[in-house]
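Order of the sequence lines sets the chain letters (A, B, ...), proteins ahead of strands, with each chain counted from 1. Since the structure is predicted, the reported quantities are computational estimates derived from the model, not experimental observations.
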Amino acid sequence: MPRLSYRRALTRALADEMTRDESVFLLGEDIRVAAAGVTTGLLKRFGPDRVLDTPLSEQAFTSFATGAALAGARPVIEFQIPSLLFLVFEQIVNHAHKFPLMTGGQCAVPVTYLVPGSGSRTGWAGQHSDHPYSLFAHVGVTTVVPATPADAYGLLVSAIRCDDPVVVFAPAGALDVRADVTDFAPVPLGRGVVRRPGTDVTVVAVGHLVHDALAVADELAGQVSVEVFDPRTLYPFDWDGLLDSVSRTGRLVVVDDSNRSCGIAGEIIATVVERVPLAAPPHRVTRPDGAVLPFAPALDRAVQPGRDQLTAAIQLTCKDG
Amino acid sequence: MTGPDPVGLYRTVRLIRRFEERAIELVDAGEIVGGIHPYLGQEGVAAGVCAALRVADLVTGTHRGHGHVLAKGADPARMLAELCGRVTGLNRGRGGSMHAADFGVGVLGANAIVGAAGAILTGAVWARRRRGDDVVGATFFGDGAVNEGMLLEAFNLAALWRVPVLFVCENNGYATTMPVEGAVAGTIAGRAAAFGMPAATVDGQDPEKVREVSAAAVARMCAGGGPELVEARTYRFDAHHTFEHRVRLDYRPPEEVAAARRRDPVLIQGDRLPAAVRAAIDAEVEATLAAAVDFALAGPAPDPATALDHLYASGLTARTGGG
Ligand SMILES: Cc1ncc(C[n+]2csc(CCOP(=O)(O)OP(=O)(O)O)c2C)c(N)n1
C-alpha cells in the first residue's frame, strides 16, 4: 500500500467533503493550480465555482467567507503563508468568531482557515515562519494542529463539518510525513491522544513536534519512560485526557513551537498545576519571547524548540523531586 | 420591487426619527447604557435604499445602524429591547445598538468596525446566488469607511465577480470629527470608477430620490450588471455619539448644523403628503413607539449565568473565568 503523505491527506479531506456536501467550497490564492500542493486536482473535479482563485485581498476574502457562511455555505480558505493570519486576525476574531454571540444565536459561521506550511520552512525568514496558533487559542477560536496524515485528514474533515470557525495549522515540519492510513475517518475536535505510553513523565507536544518528542522518547528509553501526549486540538483542549496522563506520570514537560509569553505551553502548565499535584516542577520548551525567526539556518534552528532542549527539560524534570 | 410609495417612505423616515428621539430619552434615563450613534438627519438614505429592496434581500450596516435595521423591516419593539439589553431584544441582549441584527428580514448585522460590512455582504450575496436564490444586497457605510482598505478590496471582489451589491456611502461630511475634505483624497464616486463600478451621487435628504436611484441600480444589478455605488449626501443633525455632548467636542460651525437641519428628510417627505395622511401616520408611529418603549422596558434582563450562551454555534462550552 502506498504510504500517504500529510499533504495528500489534506487534499483527500477537501475532496471528500466537497463530494459529500455541496455547500463546501474553497477559496484562496493560486489554489486552482495548487501552488501550495494541497488543492491538487480539485479544480478539475469540482470546477471554478467551487475552487475559487482570489485576488490578493486577504482581508476582503476572509470576510467574504464569513458572509458566505452566514448565507449557508461552508467555505474553506487556504492561506499561502502563516503570517497572513496576522492580516486577517481582525476578520476572524472581530467578525467570524463574534457573530454568533453578538447576534444572540441568529447565525453560525462555519469557515475553515487552512494554513499549510505553518511555522519555519528553512530559509523563509522573519515574515514567513510564524506559527500563530496560540493567538487563536487565546481568542477561543477552535484551533487544530494535526501531527500525522490520518489526523490531518480526520481533523480537517471535522473542521469543515464544525458549525464554528476553525483554524487548521498544518505545520511545515509535518507536511512531508508519510504513513499507512487504512481508516479515513473524522477525528473529533477537542480529543487528544497518547502517542506513546510511558510512566515517568508526560510530554505534551504540538504538531510536528510530536515526531521530535517520539524520537526523544525512543532515545531516552531505558533511562526514562516518556509518555507522549498529542493534544491535536489546542482549543478546545482535551484537559481530561491530559490530566489522566499526568495523574499517572506525575511529571510534565511541554514542547510548543510558539512564543513563550502567553503561549499555549503556559496555559497547559497552569491548568495542570491547578488540577493535579506534580512530583517535580513542570518545564516548557518553546520559541523565545517575541521570537522573529532569523534567516541563517543555524539561527533559525536556534530559535525553534529542538530535541536537545526537550531532552534536557525531561531530564531536569525527572531529576527534581 | 415596490413602486414609488410616498406614504411608505414617510412612515419609515418618521419611524426612524421618532425611534432615535425616544432612544436618546432612554439613554438620558440610563435605560440604554453605552449610548447610541444617532441617525437623526440621515433617515432618507436607509428609507430610500430599503424601499428598493425586497424582504429576502440582504443588508449590512454600521455603528450608526438603527435606521438601516428599521427600514429593512425589523420590529421596532424588539430593536428597542435590544438597545436596552433585554432578552426580548432582536439579539437577546447580546448585541446592543451597534450589532443589531435580524436575519429574518435579511439584516445580517450592524457592524462596529468601520469598513467591515461590505466584504461580508458581498460573500453573503454571492453564496445565496450560487445556491440559486435571486437576491441582491445593500451595504451601508460612512465617508470615513472609504479610506479603509478592506472596503476597497470588497469593491474589487464584488466588481470582479459581478456580485449584485449596492454599496451605499452615507456621506454625512464627518468621520467622528474629521471633515471629509480632510480625509478623502480624490472623490468617493471616483473610488467606484477605479473598479469599473457605476456610481451615482444623490441627495440623501430626499427619500424619493434615494429610492429612485437605488431602484434603478437594483434593476440593473438584477439584470446581471454587477455592483454599483451610491453616494448619498447627507448630514447628521446630532452628535457622533450621545456621549459627545458630555465631552463637548467643537468641530462643526453652528451655522452649518442649522443650515443642514433645514433640509430635513422627514419634512421634505412629509410635505408631499396631505396633512391628514401625515397626521394619521404620525399618530400611528407614536403608538408603535409607545408600545415599543413599554415592551422594551418590560423585558427581563438576561440571566448572568447565560453570559456565554451562543458563543459557539457548534455547542462547544467555554471554560468560565474561574475564581
Ligand atoms: C476600523 C475602525 N476604526 C475606528 C473606529 C472608531 N470609530 C467609530 S465610528 C468612527 C467614525 C466613522 O465615520 P464614518 O465612516 O464617516 O461614519 P459616520 O460615523 O459618519 O456614520 C470611528 C473612527 C472603528 N469603530 N473602526
Heavy-atom distances under 4.5 Å only: say whether [X] touches chain B with side chain, backbone, both or neither.
X        : value
A/Phe99  : side chain
A/Thr142 : side chain
A/Leu189 : neither
A/Asp49  : both

| message | Would you say that B/Met150 contacts A/Glu90 through its side chain, given a criterion of any heavy-atom pair below 4.5 Å between the two side chains? | response |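 In contact.
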| Neighbour count >12 (heavy atoms, 6.0 Å) for atom NE2, A/His138 |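 Not more than 12 within 6.0 Å, no.
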| If you draw a 6.0 Å radius around CZ in A/Arg20, do more than 12 non-hydrogen atoms from other residues or ligands fall strictly inside? |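 Count over threshold, so yes.
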Among [options], which residue has the highest count of heavy-atom pairs closer than 4.5 Å to chain B?
options                            : answer
A/Lys98, A/Gln91, A/Gln59, A/Glu58 : A/Gln59
A/Ala73, A/Cys162, A/Pro55         : A/Pro55
A/Gly72, A/Ala108, A/Pro100        : A/Pro100
A/Leu56, A/Leu70, A/Thr62, A/Thr66 : A/Leu70

| query | Looking at B/Ser314, B/Gly89, B/Gly95, B/Gly104, which has the largest count of heavy-atom pairs under 4.5 Å with chain A? | reply |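 When all of B/Ser314, B/Gly89, B/Gly95, B/Gly104 are compared, B/Ser314 has the most.
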| Does anything in residues 120-141 of chain B get under 4.5 Å of chain A by heavy atoms, and if so which residues? |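 If one takes a 4.5 Å heavy-atom cut-off, the residues of residues 120-141 of chain B near chain A are B/Ile120, B/Thr122, B/Gly123, B/Ala124, B/Trp126, B/Ala127, B/Arg128, B/Arg130, B/Arg131.
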| task | Could you tell me which residues in residues 151-159 of chain B have at least one non-hydrogen atom under 4.5 Å from a non-hydrogen atom of chain A, sorted by residue number? | result |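 Listed by number, the contacting residues are B/Glu153, B/Ala154, B/Asn156, B/Leu157.
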| query | How far does OG of A/Ser63 sit from CG of B/Asn111, to the nearest 0.5 angstrom? | reply |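 Those atoms lie 8.0 Å apart.
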| request: To the nearest 0.5 Å, tell me how far B/Leu316 CG sits from A/Asp163 CG. | output: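 Reported to 0.5 Å precision, the distance equals 11.5 Å.
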Please name the pair of heavy atoms, one in [X] and one in [Y], separated by the smallest distance, quoted to 0.1 Å.
X        : Y        : value
B/Ala101 : A/Thr103 : CB-CG2, 3.9 Å
A/Leu101 : B/Ala307 : CD1-O, 3.7 Å
A/Met102 : B/Asn91  : O-ND2, 2.8 Å

| field | Working for side-chain contact (heavy atoms from CB on, under 4.5 Å), residues B/Leu108 and A/Gln106 | value | CA-CA 9 Å; B/Leu108 304 187; A/Gln106 290 184 64; over 6 Å; no
| For the residue pair B/Trp161 and A/Phe64, does the interplanar ring angle fall in the parallel (under 30°), tilted (30 to 60°) or perpendicular (over 60°) class? |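 Judged by the thresholds at 30° and 60°, the geometry between B/Trp161 and A/Phe64 is perpendicular.
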